[in-house]
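Shown next, in structure tokens, is the structure this report addresses.
These numbers come from the heavy atoms of this one structure, side chains and all, not from hydrogens, waters or symmetry mates. A note on names: the letters A, B, ... follow the listed sequences, proteins ahead of strands, and every chain is numbered from 1. Just so it is clear, the model here is predicted, and its values are computed rather than measured.
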2 protein chains.
Amino acid sequence: MDTSRRISIAVVKRLPRYYRYLGELLENDITRISSKELSERMGVTASQIRQDLNNFGGFGQQGYGYNVEYLYNEIGKILGLNNTYKFIIVGVGNLGQALANYTKFEKRGFILKGLFDVNPRLIGMTIRGIEVKDIDEMEAFVKENKIDVAFLTMPKSKVRKVAEDLARWGIKGLWNFSAVDLDVSPDVVVEDVHLSDSLMTMSYKINRKMIKKEKELEMKKHHK
Amino acid sequence: MDTSRRISIAVVKRLPRYYRYLGELLENDITRISSKELSERMGVTASQIRQDLNNFGGFGQQGYGYNVEYLYNEIGKILGLNNTYKFIIVGVGNLGQALANYTKFEKRGFILKGLFDVNPRLIGMTIRGIEVKDIDEMEAFVKENKIDVAFLTMPKSKVRKVAEDLARWGIKGLWNFSAVDLDVSPDVVVEDVHLSDSLMTMSYKINRKMIKKEKELEMKKHHK
DNA sequence: TAGATTGTTAATCGATTAACAATC
DNA sequence: TAGATTGTTAATCGATTAACAATC
């Protein structure tokens, strides 16, 4: 292994999936697993699993495989899940409210600290004991409470300015749900959830499949 | 171009982003653009843009570039956005409700037709004029209304069974929000939105950045 | 010890970038 | 026509897979 070399994003994106599968094994009281068996369950190659893991260290043992609980915990550490992150939600519309009510993020170390919006009808409302505040109060709040992360669930017209502000106030990560590519300081991590892009990708795939089917039908007709 | 050859998923995932940028250009009344200028705006290479587009045909003109409106519409067609898809939401919890209230999906051709849940407290509730129905009524509804797509926003314990059922009843696409990899018939498109995976990826990146910073501080100390 | 399976190097495959002839 | 920029082929780069010696 060589911990210093740059890890490709493709590898990083696979880690949560490994973590998920190992969690399931753990729930089923499976204590050890070989890269071969895991690869069959996950539909990837054993080689890829071993290569991926060896970016971060040697977690297995020749002739034995991997200890499930140990590997699960190690990947958890690599993912930084032993940290806690204080987060706020900016934009308490439908999606913001849904995320505010999602308690599972806490299991990953993300603790909801504040809710912000511009809409007077939402300000003052309470979700999970937290009051929605006016966005004007955000600067003081972020600085005082040393907020690490913001979920951005606001209209895209406003998101660029908010992202810049938050970057200036020392935020570490932005979970961006708006259909805009943010371009902030390299000190700030931006993770995008482009729902609309995902939907369009699905549309593409469905469409392709339909075209393929039509073509096959055409072919059959001509062969008769 | 060669329309028959297999398009890689990497290319497909970039199409919605092109579509987004072209839409913005259109809003700003920009009528033509070269691959070079678009590449600078998007932070990719001009070569990649031309390669990507040429998977689907030649949409540009030598010496001129691309007509923004034409290219926008063509990519829309490739993405299947001229189709309409009738969809239902299965699981009307926080996230399901949020998605039900999202009217923007209609612009992409997705029309909400039904809402289903098992929770008696939700059944009977109305969102955007649509009543939440008992999941027992889903089979008849899907078949009668020729539903194309289902958004799966339910607890992961139940999602595998629901996905199998829907596949059997002729669904074309599943937009899966649960932290489970679905393994259904190859006739059904599955598009995953693994929010928890995305959050873990962000955690990884923040963590990495913090470790890097610590190391740099260490280095400085030693150099004094 | 023999068998199993890792960690790692080497080979292959695919995706991205560069280059340039074609042509508007 | 001259300049610009595409479409496309060729070169490079990186990621995945295969192979196998190391070793538990």
Side-chain angles (χ1 to χ4, degrees), chain A residues 1-18 21-22 25 30-75 78 201 204, chain B residues 1-18 21-22 25 30-75 78 201 204:
Chain A
M1 70 138 169
D2 169 11
T3 296
S4 68
R5 89 160 155 282
R6 176 129 200 84
I7 313 285
S8 86
I9 188 67
V11 173
V12 173
K13 291 260 173 207
R14 284 196 290 267
L15 293 178
R17 190 152 178 265
Y18 293 137
Y21 273 81
L22 290 164
L25 292 174
I30 294 167
T31 54
R32 58 177 271 197
I33 194 150
S34 68
S35 59
K36 181 152 182 292
E37 205 198 324
L38 187 58
S39 75
E40 280 157 9
R41 286 175 184 253
M42 295 185 67
V44 299
T45 62
S47 209
Q48 181 167 76
I49 293 175
R50 294 203 300 278
Q51 285 279 22
D52 283 352
L53 296 178
N54 277 94
N55 282 300
F56 303 98
F59 304 113
Q61 200 171 303
Q62 282 99 329
Y64 173 89
Y66 299 88
N67 178 291
V68 173
E69 189 174 4
Y70 174 71
L71 185 57
Y72 178 79
N73 289 328
E74 288 301 309
I75 294 180
I78 294 164
T201 303
Y204 171 87
Chain B
M1 72 139 167
D2 168 12
T3 296
S4 67
R5 88 159 156 284
R6 175 126 203 85
I7 313 284
S8 85
I9 188 68
V11 173
V12 173
K13 291 260 172 204
R14 283 195 291 266
L15 292 178
R17 190 152 179 266
Y18 293 138
Y21 274 80
L22 289 164
L25 291 174
I30 294 167
T31 55
R32 57 179 270 198
I33 193 151
S34 67
S35 58
K36 180 153 181 294
E37 204 198 324
L38 186 58
S39 76
E40 280 158 9
R41 285 174 184 255
M42 295 184 66
V44 300
T45 63
S47 209
Q48 181 166 77
I49 292 175
R50 294 203 300 278
Q51 286 278 22
D52 283 353
L53 296 178
N54 277 93
N55 281 300
F56 304 98
F59 304 113
Q61 199 171 304
Q62 283 98 330
Y64 173 90
Y66 299 88
N67 177 290
V68 174
E69 190 175 2
Y70 174 69
L71 185 56
Y72 179 79
N73 288 329
E74 287 301 309
I75 295 180
I78 295 164
T201 304
Y204 171 87

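Atom C1' of nucleotide dA15(C) and atom CD1 of Ile7(B) are separated by 13 Å, given to the nearest angstrom. Taking atom CG of residue Asp52(A) and atom C1' of nucleotide dT16(D), one finds them 10 Å apart after rounding to whole Å. As a whole-Å value, the separation of Gln48(A) CD from dG14(D) P is 18 Å. Rounded to whole Å, atom C1' of dT5(D) lies 12 Å from atom CG of Asn54(B). For the pair Leu71(B) CG and dT5(D) C1', the interatomic distance rounds to 14 Å; values are reported in whole Å. For the pair Ile49(B) CD1 and dA15(C) P, the computed distance is 18 Å after rounding to whole Å. With rounding to whole Å, Ile33(B) atom CD1 is found 15 Å from dT6(D) atom C1'. Rounded to whole Å, the distance from NZ on Lys36(B) to P on dA4(D) is 11 Å.
For dT17(C), the OP1/OP2 oxygens have a side-chain nitrogen or oxygen of Thr45(B) closer than 4.0 Å. In this model, the phosphate group of dT16(D) is approached by a side-chain N or O of Arg14(A) to a distance below 4.0 Å at OP1 or OP2.
Distances from the side chain of Gln62(A) to the nucleotides dT6(C), dT5(D), dT17(D) place dT6(C) closest. Set against dT16(D), dT6(D), dC24(C), the side chain of Tyr66(B) has dT6(D) as its closest nucleotide. The listed nucleotides are dT6(D), dG7(C), dC24(C); the one nearest the side chain of Arg50(A) is dG7(C).
Heavy-atom distances to DNA chain D give each of Val44(A) and Leu53(B) a nearest nucleotide, and the one nearer the 5′ end belongs to Leu53(B). Of the two residues contacting DNA chain D, namely Ile9(A) and Gly65(B), the nearest-nucleotide position lying further toward the 5' end is that of Gly65(B).
In this entry dC20(C) has dG7(D) as its Watson-Crick or G-U wobble partner, both defining distances falling under 3.5 Å. dG14(C) is paired with dC13(D) under the criterion used here, namely a Watson-Crick or G-U wobble arrangement in which both key atom distances are under 3.5 Å.
Using a 4.0 Å heavy-atom distance criterion, Ser47(A) is classed as a base contact.
Thr201(A) approaches Pro16(B) most closely through the heavy-atom pair OG1-CG, 3.9 Å. The minimum heavy-atom distance linking Phe56(A) with Tyr204(B) is given by the pair CE2-OH, 3.8 Å. Shortest non-hydrogen contact noted between Tyr21(B) and Arg41(B) is CE2-O, 3.9 Å.
Residue side chain Gln51(A) does not reach the base of dT6(C) through any donor-acceptor N/O pair under 3.5 Å, judged by distance alone.
We find the CG-CD1 distance between Asp52(A) and Ile75(A) to be 9.0 Å, quoted to the nearest 0.5 Å.
Formation of a donor-acceptor pair under 3.5 Å by the Arg32(B) side chain with backbone atoms of Gly65(B) is not found in this model.
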